[in-house]
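The structure under discussion appears below in the form of structure tokens.
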Amino acid sequence: MNDRIREILSWYVSENPGIRTNLARMLNHGRLGGTGKMVILPVDQGFEHGPARSFAPNPAGYDPRYFFELAIEAGCNAYAAPLGLLEAGISDYCGEIPLILKCNNHDLLHEDRDPLSAVTSGVEDALRLGCVAVGLTIYPGSAQSTTMYEELRELTAEAKAVGLAVVVWSYPRGSGLTKEGETAIDVVAYGAQIAAQLGADVIKVKLPSEHVELKEAQKVYEKYQIPIATLADRVRHVVQSAFDGRRIVIFSGGTTVTDEQFFSDARAIRDGGGFGSIIGRNSFQRRKPEALKFLDTVMGIYEGSIQ
Amino acid sequence: MNDRIREILSWYVSENPGIRTNLARMLNHGRLGGTGKMVILPVDQGFEHGPARSFAPNPAGYDPRYFFELAIEAGCNAYAAPLGLLEAGISDYCGEIPLILKCNNHDLLHEDRDPLSAVTSGVEDALRLGCVAVGLTIYPGSAQSTTMYEELRELTAEAKAVGLAVVVWSYPRGSGLTKEGETAIDVVAYGAQIAAQLGADVIKVKLPSEHVELKEAQKVYEKYQIPIATLADRVRHVVQSAFDGRRIVIFSGGTTVTDEQFFSDARAIRDGGGFGSIIGRNSFQRRKPEALKFLDTVMGIYEGSIQ
Amino acid sequence: MNDRIREILSWYVSENPGIRTNLARMLNHGRLGGTGKMVILPVDQGFEHGPARSFAPNPAGYDPRYFFELAIEAGCNAYAAPLGLLEAGISDYCGEIPLILKCNNHDLLHEDRDPLSAVTSGVEDALRLGCVAVGLTIYPGSAQSTTMYEELRELTAEAKAVGLAVVVWSYPRGSGLTKEGETAIDVVAYGAQIAAQLGADVIKVKLPSEHVELKEAQKVYEKYQIPIATLADRVRHVVQSAFDGRRIVIFSGGTTVTDEQFFSDARAIRDGGGFGSIIGRNSFQRRKPEALKFLDTVMGIYEGSIQ
Amino acid sequence: MNDRIREILSWYVSENPGIRTNLARMLNHGRLGGTGKMVILPVDQGFEHGPARSFAPNPAGYDPRYFFELAIEAGCNAYAAPLGLLEAGISDYCGEIPLILKCNNHDLLHEDRDPLSAVTSGVEDALRLGCVAVGLTIYPGSAQSTTMYEELRELTAEAKAVGLAVVVWSYPRGSGLTKEGETAIDVVAYGAQIAAQLGADVIKVKLPSEHVELKEAQKVYEKYQIPIATLADRVRHVVQSAFDGRRIVIFSGGTTVTDEQFFSDARAIRDGGGFGSIIGRNSFQRRKPEALKFLDTVMGIYEGSIQ
Amino acid sequence: MNDRIREILSWYVSENPGIRTNLARMLNHGRLGGTGKMVILPVDQGFEHGPARSFAPNPAGYDPRYFFELAIEAGCNAYAAPLGLLEAGISDYCGEIPLILKCNNHDLLHEDRDPLSAVTSGVEDALRLGCVAVGLTIYPGSAQSTTMYEELRELTAEAKAVGLAVVVWSYPRGSGLTKEGETAIDVVAYGAQIAAQLGADVIKVKLPSEHVELKEAQKVYEKYQIPIATLADRVRHVVQSAFDGRRIVIFSGGTTVTDEQFFSDARAIRDGGGFGSIIGRNSFQRRKPEALKFLDTVMGIYEGSIQ
């Protein structure tokens, strides 16, 4: 194990050796293994957005085995998915890639201003399937956030006791926030802080915009002149907000951007001290050769071989 | 065991041998045993719609033993019913037909825009009664869907640990959907996907219409020209949406159609790669000789002896 | 289901439907399905006598899958084995033959005058593997019999609650008996009675000799002139001793006899009202073609096609 | 152990020795150890107000280790923080300062008129981290107060059984009160009484104003001429309201005052028989040398070396 | 916390912060606090040898409070005793000295060649009483050692989960050893190794003699010329045998020696890298002034102020 990975693991010294072992499995796996950077393939869109919206662009994705193949061939650090998708595909790929069981899910058939994800699997499933971590989404800003924080706390206590790492998708959303506020720099940083306080080992947030949502926060950002002009600045501030960089923070990008914009974002994540990307639709919604090429470029940016 | 059944079981290799044994028991039982197709008799209408609406058309159905006789004589693959109905009838028919315990139920005495079924039995009951599977209804689109998903998750975890298969009735419904949307092709496919993600071994959905409910989905169906013009097309898309056909998906038909229409639907299910039908009122609400004849035709269509 | 099986099941009407379903699965399976007779393949000799003594005569038996194939091809009613043997072989044969999990085992590496088998698996294993029954050996006559009776009682309570049938190997042995007494007619009948009293659904005993072991019993056998002259007489008496024939009693034969003697014994079991045989070494220690032919003859005798 | 500490512990003689041991650990630690006064560093603002508002004034606070250093160097009696902050920092400071695990938290991303904090950690975490106490905030006056009282009751029962002391932040707030009423003397005293009744070992309240909120209370305060004119009077009344001074009551000050005002308040707390201060933002939002100097003055006031 | 204590705690970094906190509490307490050396007062002789043999030499010891006073006044690092003794004395001394709950005990009323201590208290007692550690005696060499190892394993798992340190008295004894062998250097070192392997945080052994008990060990000691000539050599070898000095090993001396001999032994423990002494009868069987003087000398030797 190299010094960078040792350094990252040193931040988790209060966790038991099982958790640190599982973090090491992710950090040392795949093409970025040993760099301290991670690219993770997440596939929960079938549940979250429905099958056609998710898989019609690349119908290979209707088959649960496809994502294992994609993540393995691309050299991702881990693959994250809900229970059914992991169960239906794992059998042929045991031991080939670290797995994260996404333990709650939300669908679009009933839209809520204040969403609450359903807990759809748990720690016993994760152990039975050989996962390295469990993951949960929280929606800070939702009127239901207390419920989600408490579900996360329960899952975290149970997972950590058996040495599983905990990945938190912290996506501010709900009646407490404007639409623009969901990705505001102060709100994304706050979401990262909440996830860290709740015990997350790995924190996933959205890329923050320059907007500042909360009035009280606005005063502070101005008074202390916190740099948020560039994306790299904002990434740096979000990472700082997760225990001064002592927790792994990775970023998601959504689908609305061009490849060039995505690569530019990845450079900003890298330059701002982010730990990598979680890339779903941008990878599995194109055919495999294009997906592999796309991921190859992203990983090249993270490892520094591509500027 | 023939190759087709082996192939179907191979999709479930992550499940324990008990679950695969129970799936094999259904797939190999009755007239369609070994074909990979299934016709299941479900009788939960007494609870769901009240006794007179359910049984007056054929008063033999007031007696719980009647449904065992009907399912056995017709050569169905399985019989599914709530706790009371199974308990009151099973004693004379132990071991004669695979049983599915329907573990939640909903009645009409209190109508809800956003229905929530009551959990009325569980895994211990299913084992005690010698069942091969437990079944649960979920209503994606209901404001109560989170509760139902979480109830399903608990039942699934408990059932699978003891080798029982899990059958999910995924019936989108509730304030998130229009009435027409409940059987829209995108919504039915989405409901099948959700059931698969939640770990269902066998998925029961309604026959989908050509309507597309969700705007975001509409764009995708058009852009990728997903074929949904014929019922067989739509069945194929729903089956694809359940892990690319690697989960057993069966269809229900309701009561509003003529026999000829029903047979035509069965042909579409067969031609679209569906795995069969779950036939309640159409079978038990006519006198036994007519019911047996009706089911004989449906099974003939599935086994291919009738075109 | 035919009248004979219904009659047999009627003796078990106090058991829950799950148990009766699992008894029906055995009684209706294989070549003797529906006759009320059973031939079961048991393979615990690897544990009990060591691998070479057990499998060298027919090395195919070193592979756990072999016994599944043999039992399925021969049309046995069930296959009984310890945990490891079932686990290592089941995956390719789910649903093809009823399984009995043999839950205790004894090895010869430490010989005891008063043997006590180790409990090596349990009800959760049986459910997970899709078994129809659990089995346990007791040694009435051993100084350790109290422990074994109590272990049986615990297993029985747990198994029956979840619908598993209970098979008891009742093999009198230990410091309370002479060697000859282990198969004495009074002792074998006593062993069958104890198993029935302990709640066994299926009782396995050794073929009884004409010897009467216990002095007090001797007086009674003489006073009432209980017929024990022929093997059929003695089988009839043992079956009578298991609740007047209202429990399934099957017989084992050991290895020391010629095939002709074995067939003759089978005729006596049949003529005395016994329910069949459990045939281990006589089947799996010869090559498969010979084993199939041997079992074909035994089954022919039980079904009456061979006199 | 000196007489004053023995006297304080004597009020807790109904608690088990583990709780008294942990109270003694706080009372005997740091610069005020043995005086019966306490200054505690609490840091839950990262969760409660967001990271920038909390830590931008002194960016050292982004690093969880900073608060351990600050509390240790200042000679505080204890450091209180949520799960994540303790976990991420504790490893280098095991055994150096008594820790209080703050077990519920509330964020500002979704503002509620009737707030409910999420339970974010518990007794097992506190033991695993070597804490001396758990802490919980209640909001008397909130429509959700019943939920919080019951959560406190559960945590208290569990914590006391394992010898952990219980610290309650009693902050009246919600639709039952005016803004001014949150710090009204009658309301603060009432909040202290509720905390004591719920079994709190240490009670934290806000400094009370001269305002009396409740009409029925107003009559009594006037009739009996309860002295509330000076802050020392009001502190005395609040302490009296917590079992006549037989529970440790400490006060928080907020951030809106000058240092001189803060010191004056501390004198009033001391002179009114209060047990000390819990000082968060006033300490960690200034650079360490200033913070240490500020805390040095406060502690000097409490120990009497500064008048 | 000074560097030596930090170094010692660094050996325990796989333990949770609670355990390290409790180790720090012992290491930093009393006159030897911060030196890395410990003197512990153990009083289980009342149970082990009977009251008169234990307390008649200094009748003050009949009162459970006496041992708290002695340990506190002498400045011991900790006091270890069985449940009753702690419960009956603790109330007046909460928080004044770290406590070790001795969780198993053995009496002399039934002497066994192969002794087995009774488990007489547990983790819940230790928490309720505010202890920093639980302790257990094992007798390697006893025919009952398997039972004791398994009891220790259970206690260890339970204690460590709640942050309690584990102290093991490893006293080889029983039919597997000669009387002389109980303190043979190879056997004492072996006992230390076993305790370390079983997860002990602090290991207590007897002072080893020059005798080598086991023949196979004898060959190795000779071949590799392991230095065991002086007591300091032997202490060094025992400490090495407990994970190369990365576990705290302390020594007991018994009563058969003169004070001068005891001081000489303490110097050897110090010079050989031992971590201190556990001193029972030598301290509490003389009157308090003499005991304090005796312990003062021993502590002086450990801190280096006395050569």
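Because the structure is predicted, anything quoted here is derived from the model rather than measured. So you know, we letter chains A, B, ... as the sequences are listed, proteins then strands, and number each from 1.
- Taking D265(A) as the reference, nothing meets the salt bridge (Lys or Arg N to Asp or Glu O under 4.0 Å) condition, with sequence neighbours excluded.
- Between the side chain of R246(A) and the backbone N or O of A242(A) there is no donor-acceptor pair closer than 3.5 Å.
- Annotation for E124(D): atom CD does not count as buried by contact number, only 12 or fewer foreign heavy atoms lying within 6.0 Å.
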Given D259(D) and K293(D), is the salt bridge (charged side-chain N to carboxylate O under 4.0 Å, His left out) satisfied, shown in steps?
CA-CA 11 Å; D259(D) 284 8; K293(D) 193 173 162 213; over 6 Å; no
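- Looking at S54(D), there are no atoms closer than 4.5 Å to chain A (heavy atoms on both sides), in backbone or side chain.
- Only the side chain of E15(A) comes within less than 4.5 Å of a heavy atom of chain D; its backbone N, CA, C and O stay farther away.
- Residues from residues 157-179 of chain D never place a non-hydrogen atom less than 4.5 Å from a non-hydrogen atom of chain A.
- Interface residues of residues 186-205 of chain A toward chain D, defined by a heavy-atom distance below 4.5 Å and sorted by number: V187(A), A189(A), Y190(A), Q193(A), I194(A), A196(A), Q197(A), L198(A), G199(A).
- Around atom CD of Q225(A), no more than 12 heavy atoms belonging to other residues, nucleotides or ligands sit under 6.0 Å away.
- Residues K219(A) and E216(A) are in side-chain contact: their nearest non-hydrogen atoms beyond the backbone lie under 4.5 Å apart.
- Remark: F251(D) pairs with no residue by the ring-ring contact (aromatic ring centres under 6.0 Å, His included) rule, at least two apart or across chains.
- Note on ring orientation: taking the six-membered ring where Trp is involved, the planes of F284(D) and F55(D) are tilted (angle from 30° to 60°).
- Between chain D and the options A217(A), S142(A), P140(A), heavy-atom pairs under 4.5 Å are most frequent for S142(A).
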